Structure formats: C-alpha cells, structure tokens
Amino acid sequence: MKTPNMLDAKKRNQNDIKYVKYNKEFDKFGNGKKFFVRTYGCQMNEHDSEKIKGMLKSVDFSEGTSVDDADIVILNTCAIRENAHDKVFGFLGVLKHLKQSKPDLLIGLCGCMAQEEVVVNDILNKYKYVDFVCGTHNLDNMLSIIKNKIDTDKRQIEVLSYEGDVVEGVPVVRDSKYSAWIDIIYGCDKFCTYCIVPYTRGTQRSRKHEDIVEEVKKLVSDGYKEVTLLGQNVNAYGKDLYKDYDLSNLLSDVSDTGIERIRFVTSHPWDFTDKMIDVIASRDNIMPYIHLPLQSGSNKILKLMNRKYTSEEYLKLYNSIREKVADSSVTTDIIVGFPGETEEDFLETLNLVEECKFDGAFTFAYSPRENTPAALMKDAIPEEVKMDRLHRLNEVVNKYSNLRNQKLLGTTVKCLVIGESEKDKNKVCGYTENMKLVNIEGPKSLIGNIVSVKITDTKSFSLDGEYIKE
Ligand code: 5AD
Ligand code: SF4
C-alpha cells in the first residue's frame, strides 16, 4: 500500500524524470468482462480516461454502456473545487448500493482526488467497498493494480507523491474519430495559491517534441482532422527540457504535419510570448481560439493568488492577441470571492471584463482546497457574497458572449462537424474555427468533415446555422 502525502507532493525535482516506453505484458485477464469509466473534470482527465479504456481493452475487457451492466467501475476524479468532490462521493454512495446486489463488482478510483491525503484516508476508513485507488503518477500501472486485486482479493491503494516517468505508448482508445487530445506537458509549477493541481499532478514535465509530432502524424494518417494540445499550462512547454525549443516551435512543427486544425489549452498569461502569438497568427491550421485565464481584475488579489501578472499586463497581452490573430475568440476563467476580495476588487474584475468583452468565461466561486496557501488566508468571503458576485459577473459575461456571437449572424464559417446535435436529433453540431458551438441543419453524412455553414441565429452559448454546399 502506498498513500499520498501532501508535503512530499509539494517538493520539486527530487526525482530525475525518466522517459520510458509502455511495455507491460499481461495475459488477457479481462475475459470479456465489462468496464464503465466515469470522468470528472478537465480535458486532461478526459484523455487519461481514453488511456484507461485503452489499457483495459488491451487485456480483453470490453466497454459497457452503464454502471448497471459493468463488472468494473472506475471513477476518474477531479479535485479542483469542493463540488467536484461532492459529486464523486455522491456517486460512490450509489455504487455502494449496487455492490450490495452485485458483490463481485470491482470499484476503483483514480485521478486528482486519489492524490489527496484526506480523500485516501476517507476511502481507507469509510469507503471500504472501494477495491482499488491509483494515483495520477502511476496511471500506466493501473492494470497491475487491478490484476493484484483480482488475484489476491486484497484492496490495492497505490498512490505516489513524487513524479512518475513520462510514459510513451500507453494504449489509448479515443472517444472521437475526428478530433484527438494530445498531452504535451504534465503537471504544473506555478503554485497559484488557490490551486491544488501542482500537488495532484506534480512538477512540470514536457513530452519530447519528436514523440508529440510522431503522434500527430499518425493521427493525420488515421484521418483525424483536429488535435488539441493539452497541459495545465501549455505555454510553459519545453522549459523543463530544452534551452531553445518552446511552444512556438512545437506549434510550428505540429502545423507542418498538415493536420487541418490545431488547438491548445490551457494558457497562462505569464509564459505567453510574442513569438507564440506570431506563430498562431501566421499559420492557417492553428485555430484562432485562446483560453486565457484572468482569475481576477484586481492587482491586490492577483498578487495574493500568486498569478505573477498585473491586470495591465494581462490587458496588454489580450489586446496584442486580438490585434494580431484575425477573427480570434478569447475565453477566460474567473474566480470570485477569493479571501480578502472587497467590493472594490470585484468591481475591478467587472471593469476588466467590460473592457475585454470576452467571447465567454468560466466563472467560479472560490473553494478552499486543503493544504493550499489560500486555504490559510484570513478574510474569507461569506458564501452569499460569493454567490451575489458570481451572479453579477455572469450577467456581464453573458452580455458579451451574446454580443460576440451576434456579430457572426449572416456570416459563413467553417465548422468541423462532430456528431448529432444534442438539442435536436435532426440536426448535427460542430465547432467553428474560433470554437463556437453551432447546431447545423444538414445531413448526418457531414459528421467528421469540415464544411461551410451559414449562421442563421445566435444565443449566449451556441449558434444555429445551415449547411452550405460548395
Ligand atoms: N476555487 C475556485 N476555482 C478554482 N479554480 C482552480 N482552483 C480553484 C479553487 N480553489 C479555477 C481556476 C482555474 C480553473 C480550471 O478552475 O479559475 O483556471
Ligand atoms: Fe492551477 Fe495556476 Fe497551475 Fe493553472 S497555472 S493548474 S491555476 S497552479
């Protein structure tokens, strides 16, 4: 048994990071049994789940359609806010009942919550029906953990609080045939004071650029139209590995593969260079969409958050992106109710949002995370004040999403059609180059293609359009 330790998780570079190939050999111990993976949180977790599915299928497990027909259920969890925790513990309650009627059901937990000391202690003491826990640094070892559980019938808790290797070639079963996630950098060294990610995902580790480019080339030959390069802070790509190769070089090299669409998330303003903006602006297959978290418009709060930029610096970068990258859209993340945030600080955030007129924003009420510096800060903001600010902020954010969307009315845009529309099964849906969701009147045969669409109506969170034959 290995359990997590938050103090160890804070340390950096105590281990040399090794670059290794996935070479685990097992007999086909899945025997056709069914698995169900439930994913919480960000795109990196979505992609980790694709690896979990890939590993399980490689030993002859098959994917079930729901928890009810599953022999093994895995919860790939998120720790970013308390409500993410609550959802997981709520679902574990449902699984407890299921296990009473199906005692052979295996239940496993992985992802960011598995890296938290408090969570693993709770699992050990209160959730005894959870059969295995696997951390983020040893995800590639999940099959051994499951096999040990099956062979010994003993609970397996295997969580490392130091970085694992960068493992290439983990089997992956992608959810989409057209658009693929690609990890480029793991972990985060920024230590924003509110954030648990540097503890749950460890130190910044870039993948080698040749491995990334190889992966993209293979996807191109498999018919993929789009890749999204993933990292907690993609703009730090390469800093831990190379002297003179950064995200701008990687974007150029990925662009040269000829893949039709390249996206990347998430950006940190601190590491965003002019060179990166120039590459984005100059390459047709790098999409003009940037997610650029602001977090707060108050310099006092930004400092307390350890964001390492001022609102003026953010605005300068923001304007430079808008000026250089044609028809770009920019979205952001904002936290309200950080400890010590006064009404004046909040108004500064509102002012900056008024000035930037973002295409969209993910807005959050601050949620204290155990062992992070902000959790110890004084002047906590009452819940009702946080909710009031969130509500006021969302009104302004929605006003500008609407206005930005309205500008597209009547224009013809390119969309990658990804599937049936969730709103109307007779329509399909897809994304514009600048990442607007469009519900499209057009045949199902468009799915998987990049097509022209005329925008016929706009809403806050989506657009309506009709397919234009060329
Ligand atoms: N409370 C509220 N929001 C948070 N985020 C990260 N940590 C917290 C927290 N403790 C938000 C940030 C980040 C996004 C992924 O989640 O805005 O950009
Ligand atoms: Fe968290 Fe800040 Fe790292 Fe983003 S950059 S993952 S908010 S610590």
Side-chain angles (χ1 to χ4, degrees), residues 6 9-10 12 40-46 77-87 111-113 115-116 118 136 163 183-206 230-237 239-240 247 264-272 290-298 301-309 314 317 330-341 346 349 352-353 358 360-377 380-381 383 385-387 389-390 393-394 397:
M6 293 303 258
K10 203 173 176 175
R12 285 299 182 259
Y40 301 82
C42 66
Q43 294 98 330
M44 297 196 85
N45 259 17
E46 295 282 347
T77 62
C78 169
I80 201 105
R81 284 170 292 276
E82 195 56 35
N83 59 1
H85 266 214
D86 296 344
K87 281 186 204 158
C112 285
M113 278 173 69
Q115 293 293 140
E116 288 186 274
V118 272
T136 58
E163 286 67 43
D183 293 321
I184 63 166
I185 179 168
Y186 305 104
C188 179
D189 287 350
K190 289 286 181 274
F191 287 101
C192 301
T193 54
Y194 51 80
C195 186
I196 200 165
V197 168
Y199 308 84
T200 60
R201 293 275 169 176
T203 199
Q204 222 163 262
R205 284 111 62 216
S206 299
L230 294 177
Q232 302 297 343
N233 172 13
V234 287
N235 302 64
Y237 175 78
K239 285 191 163 183
D240 52 301
L247 183 70
F264 52 94
V265 277
T266 287
S267 292
H268 190 303
W270 188 12
D271 294 312
F272 219 126
I290 288 153
H291 183 62
L292 192 69
L294 164 68
Q295 311 300 2
S296 169
S298 148
I301 297 297
L302 286 171
K303 195 152 200 249
L304 286 172
M305 287 176 162
N306 192 31
R307 288 293 286 180
K308 302 233 171 37
Y309 55 82
Y314 181 94
L317 173 67
V330 184
T331 56
T332 198
D333 289 344
I334 297 170
I335 300 175
V336 297
F338 187 81
E341 184 190 68
F346 174 66
T349 301
L352 207 65
V353 173
F358 293 106
F362 299 95
T363 57
F364 310 103
Y366 168 69
S367 165
R369 309 313 297 130
E370 193 124 346
N371 288 300
T372 57
L376 302 172
M377 288 180 188
I381 306 301
E383 271 322 293
V385 176
K386 286 186 197 169
M387 289 307 136
R389 290 182 187 164
L390 198 58
L393 174 62
N394 285 341
V397 164

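Since the model is a prediction, treat every value here as computed from it, not as a measurement. One-based numbering, in listed order, for ligands and for the atoms of each.
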### Task
Only pairs at least two apart or in different chains count here, so list each salt bridge (charged side-chain N to carboxylate O under 4.0 Å, His left out) that has a residue in residues 364-373.
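The answer is E82-R369.
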### Which residues share a ring-ring contact (aromatic ring centres under 6.0 Å, His included) with F364, sequence neighbours left out
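Per chain and number, F364 pairs via ring-ring contact (aromatic ring centres under 6.0 Å, His included) with no residue.
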### Query
Under a 4.0 Å heavy-atom cut-off, what residues line ligand 1?
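Its neighbours under 4.0 Å (heavy atoms only) are I80, R81, Y194, Q295, D333, I335, F364, A365, Y366, S367, R369, given by chain and number.
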### Task
Check ligand 2 against R307 and write out every atom of the ligand that is under 4.0 Å from a heavy-atom position of the residue.
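That gives atoms 2 (Fe), 7 (S) of ligand 2.
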### Query
Would you say the side chains of Y186 and E163 form a donor-acceptor pair under 3.5 Å?
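There is no such pair between these side chains.
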### Query
Is the closest side-chain donor-acceptor distance between T363 and N394 under 3.5 Å?
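On atom types as modelled, these side chains qualify, holding a pair under 3.5 Å.
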### Query
Just how far is it from atom CG of L304 to atom OG of S298, taken to the nearest 0.5 Å?
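Rounded to the nearest 0.5 Å, the CG-OG separation comes out at 8.0 Å.
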### Query
At what distance, to the nearest 0.5 angstrom, does CG of D189 lie from OG1 of T203?
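D189 CG to T203 OG1: 3.5 Å, rounded to 0.5 Å.
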### Query
So which heavy atom in the protein is nearest atom 7 (S) of ligand 2, and how far is it from that ligand atom?
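Nearest protein contact, heavy atoms only, for atom 7 (S) of ligand 2 is Y194 OH, 3.4 Å.
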#### Entry: Closest non-hydrogen atom pair between C112 and T136, with its separation
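Nearest pair, atom of C112 first, then T136: N-CG2, 3.9 Å.
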#### Entry: Atoms (protein N, O or S; no water) under 2.8 Å from atom 3 (Fe) of ligand 2
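Atoms of protein N, O or S type lying less than 2.8 Å from atom 3 (Fe) of ligand 2 total 1.
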### Message
Is any side-chain heavy atom of Q232 closer than 4.5 Å to one of Q204?
### Response
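A side-chain contact is absent here, since even the closest heavy-atom pair is not under 4.5 Å.
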### Query
Which of parallel (below 30°), tilted (30 to 60°) and perpendicular (above 60°) describes F191 and Y199?
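Because their plane-to-plane angle is over 60°, the rings of F191 and Y199 count as perpendicular.
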### Message
Between K239 and D271, does any NZ, NE, NH1 or NH2 come within less than 4.0 Å of an OD or OE carboxylate oxygen?
### Response
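Here D271 pairs with K239 in a salt bridge, since their nearest N and O are under 4.0 Å apart.
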